[in-house]
Structures are given as structure tokens and as C-alpha cells.
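Heads up, the thing below is written out as C-alpha cells.
In the text below, chain A, chain B and the rest are named by the order of the sequence lines, each starting its count at 1.
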Amino acid sequence: MKISEQIRDYAKKMLEEGEVKQFIGFEKGRLPFHSTPVFITEPGQVERLIWDDYCITNLSKYLVNFSHEDGKTALVVKGCDSRGIVRLIQDHQLQREKLVLIGIPCQGMKDSLRFFSKGDDSLLSPGGKCQSCTHPNPVLYDILIGEEVKSVNMDRFKKTEEIENLNIDERYLYWSREFARCIRCYACRNVCPACSCLSCYLDQHRVDWHGKDPAENASYLLTRAIHVAGRCIECGECARVCPTGVSVMELNKKLIKDINELFGEQDAGVDFSQTHPLCQYHTDDPDDFQ
Amino acid sequence: MLIKRLLEFAGIEPQRFLVKWVSSSEGQKFADTISELAAAIKALGPNRKYRDAL
Ligand code: SF4
Ligand code: SF4
Ligand code: SF4
């Protein structure tokens, strides 16, 4: 049976039996090569659900909106969605018992946003975020549809190393051009499963607290990266949704690379036994404070 | 450590940033630390990076 049909069957059954209050999946978007998240609450609507090569959105962050409501939510999870959910549960933003997760191993999704904005033929290959995906298989699920897949993970830190190898002035030039393009729409923050504060420091409107002057973009983007350091699950959503193509992800990758080098290899949002690398202390931690 | 590396990655001189343990009983160490930091920053000159409107 096709994956789409299996998803519909599960959704229909769960909604009819009242096991869940809503089912989050994907439906065909209005534009070609585009699938968009959909929230189904009526069994009669399950026909809208689909599964294809464009289900790239990480759905986990939506759950925060429903975490205080009664009743369960079911949703389809790829590797990156499931890691987002693990992260949000670890951050006490979600309750596992209120979720029913339909895991689907992911072959890599195509990025229609890149196609529309740049006419990029990356449409034919997995989107930027999927090229360095280390966990395409769901790490947390109740039901698994389909066969597990192998991670493609090509050159996870290739671009990070390229930037590291520039000299200091070239690095400044590179980043000042990136930061200059930021329009402070905060899409990168809103989509992020590691950014879950209900009131963000950026939404404090005191005059001169954190302006939207272009020169302050640097402090916004660097601060955001630090706020998710050690919790970023590398889903690449921040860079995918950026309307001006700022390489937000390279800041996260740099922090992940450094954390791995300094405190040992680890991947956020993969298993519950893991502790936050920046919230613990070991006597053999590198120490250049003295 | 991470912030220092991130700033360096973004093109800021790492000498501008310092975190150091100094106990409240180590007055001399505190004074020396600040003098050294101030001298290092003076040598670099004022930072204009990410300050002037881009
Ligand atoms: S990041 Fe990984 S799990 Fe997420 S859509 Fe891409 S390949 Fe699939
Ligand atoms: S910072 Fe970006 S890659 Fe990391 S969890 Fe948030 S959206 Fe995903
Ligand atoms: S999504 Fe892009 S433009 Fe919007 S705030 Fe983030 S970096 Fe800036």
C-alpha cells in the first residue's frame, strides 16, 4: 500500500475512534512541486493527506501551540521532525503521552522554496538541509511506515571548514554580507524546535533594547545561534525558511562542530538519556579561563 | 569558549574577548587581567566591525 494511503487509514481510524483530536500531516500545496502542512480534525477530511517528495517542513514546532490543550495530537514524523520532538520534550515543552507519532523513514525531501526563489535545479536533488542529514530515520515513533534508509550525510561541515579557512578579514566580509541581507522577519526563530520560549528577548519592545538597525543583525543572528547551541537538532529549517537566503545554518554548524571538538561527539534530540553539553561539568573539560 | 570561537568565525579578533576566573580575594590578578586586556584592545584599535550601519 502506498504511504499516503497508509497515512490516511491511520488518520481516519484515530479520528473516528476519538483516539486523537487532530492529525497533522501534509497536503498538496497550491503551487506545483509544493506540499504544505495540514491539520485534520474530521475523519471526512483525511483524503487531503498525502506523502510525496516535498514534505520537507519540520512539523515539530507546531505542537507547541497545542501542548496546553486537552486531547492527543497525531502527526507524521521524518527523522528531523522526531528529533525536534525529542528536543521539545527534553525542554519540557511537550508531553510524550499526548502525541501519537507515525514515523516515516525519509529519502531526503526536495526544497520547493529554493526552486521558486532561485529557479535552482536542486529541485531534482534533496534540499540543502537534507544533504547533510545524519538521522533520516525517525528516532521516536509509535508506528513506523516503510523501510529504514541509510543516511546520505555528504560533507556535513564542508562549508563550515571553508569559512574557517578564510582569513579574518575575509570572514568578516563574508558574514557582513550575510547579515546585511537579514530583514529580521524572525522566520528562522519561529520555525525552530530549539527556540521555544513563549516570550523571546527579541519581542521586548523597550526603545534601544535590541533595535532593528541593520548593524544589529549581527548581534541578533549570533545571539540566536548561541541560544540554540547544544540543542540545535540540525534540521536546517532556519536556513530553509529564510526569505533572503542568509546562511543561518553555518552558524549552527560551527557551534555543533566546536561542541563536538571540545566536549565530545554528540547529536541533540536523538535520545532522552543525553544531557545538554553546556549544562554539565566534567573535570577533564578543556579550560582556558585560568 | 564557544562564544569566542563564534566571534572569531564571524571575523572579530578573538583578543577582544576574555573570560577568566578571578576570585574576589585576587585583587592584583584582576587588575593585571584588565590591564592586559585593555592593552591588547588598544593595540587593535576601536572595533568598527558590525558597528557602522552596513
Ligand atoms: S533533514 Fe533528514 S529527515 Fe528531514 S527532510 Fe531532510 S533527509 Fe528527511
Ligand atoms: S537552529 Fe535551525 S537547524 Fe537548529 S534546530 Fe533550529 S531550525 Fe533546526
Ligand atoms: S529568516 Fe532570514 S531574514 Fe528572517 S530573521 Fe532569520 S536570517 Fe533574518
Neighbour count above 12 (heavy atom, 6.0 Å) for A:Y201 OH: yes
Any chance CZ of A:R96 has more than 12 other-residue heavy atoms, nucleotides or ligands included, within less than 6.0 Å? yes
Taking side chain as everything from C-beta outward and backbone as N, CA, C, O, which of these in A:T160 sits under 4.5 Å from a heavy atom of chain B? Side chain, backbone, both or neither.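 Contact with chain B involves both backbone and side-chain atoms of A:T160.
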Proximity breakdown for A:I259 and chain B, heavy-atom pairs closer than 4.5 Å: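 For A:I259, the contact with chain B is made by backbone and side chain together.
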Is B:L7 in contact with chain A via its backbone, its side chain, both, or neither, using a 4.5 Å heavy-atom distance? side chain
Can you measure from [atom1] ([X]) to [atom2] ([Y]) and round to the nearest 0.5 angstrom?
{"X": "B:L6", "Y": "A:I226", "atom1": "CG", "atom2": "CD1", "result": "5.0 Å"}
{"X": "A:D169", "Y": "B:E13", "atom1": "CG", "atom2": "CD", "result": "8.0 Å"}
{"X": "B:R5", "Y": "A:E261", "atom1": "CZ", "atom2": "CD", "result": "5.5 Å"}

Please find the pair of heavy atoms, one from A:I168 and one from B:G11, that lie closest to each other, and give the distance.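 Taking A:I168 first and B:G11 second, the nearest heavy atoms are CG1-O, 3.5 Å.
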Mind telling me whether A:Y172 and B:Y50 have parallel, tilted or perpendicular rings, with 30° and 60° as the class edges?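 Rings of B:Y50 and A:Y172: perpendicular, as their planes differ by over 60°.
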Do [X] and [Y] have side-chain heavy atoms sitting under 4.5 Å apart?
{"X": "B:R51", "Y": "A:E216", "value": "no"}
{"X": "A:D285", "Y": "B:M1", "value": "no"}
{"X": "B:L2", "Y": "A:L262", "value": "yes"}

For this output row, return yes or no: ring centroids of A:W175 and B:F9 closer than 6.0 angstrom. yes
Is it true that A:K254 and B:E8 have a side-chain N and a carboxylate O under 4.0 angstrom from each other? no
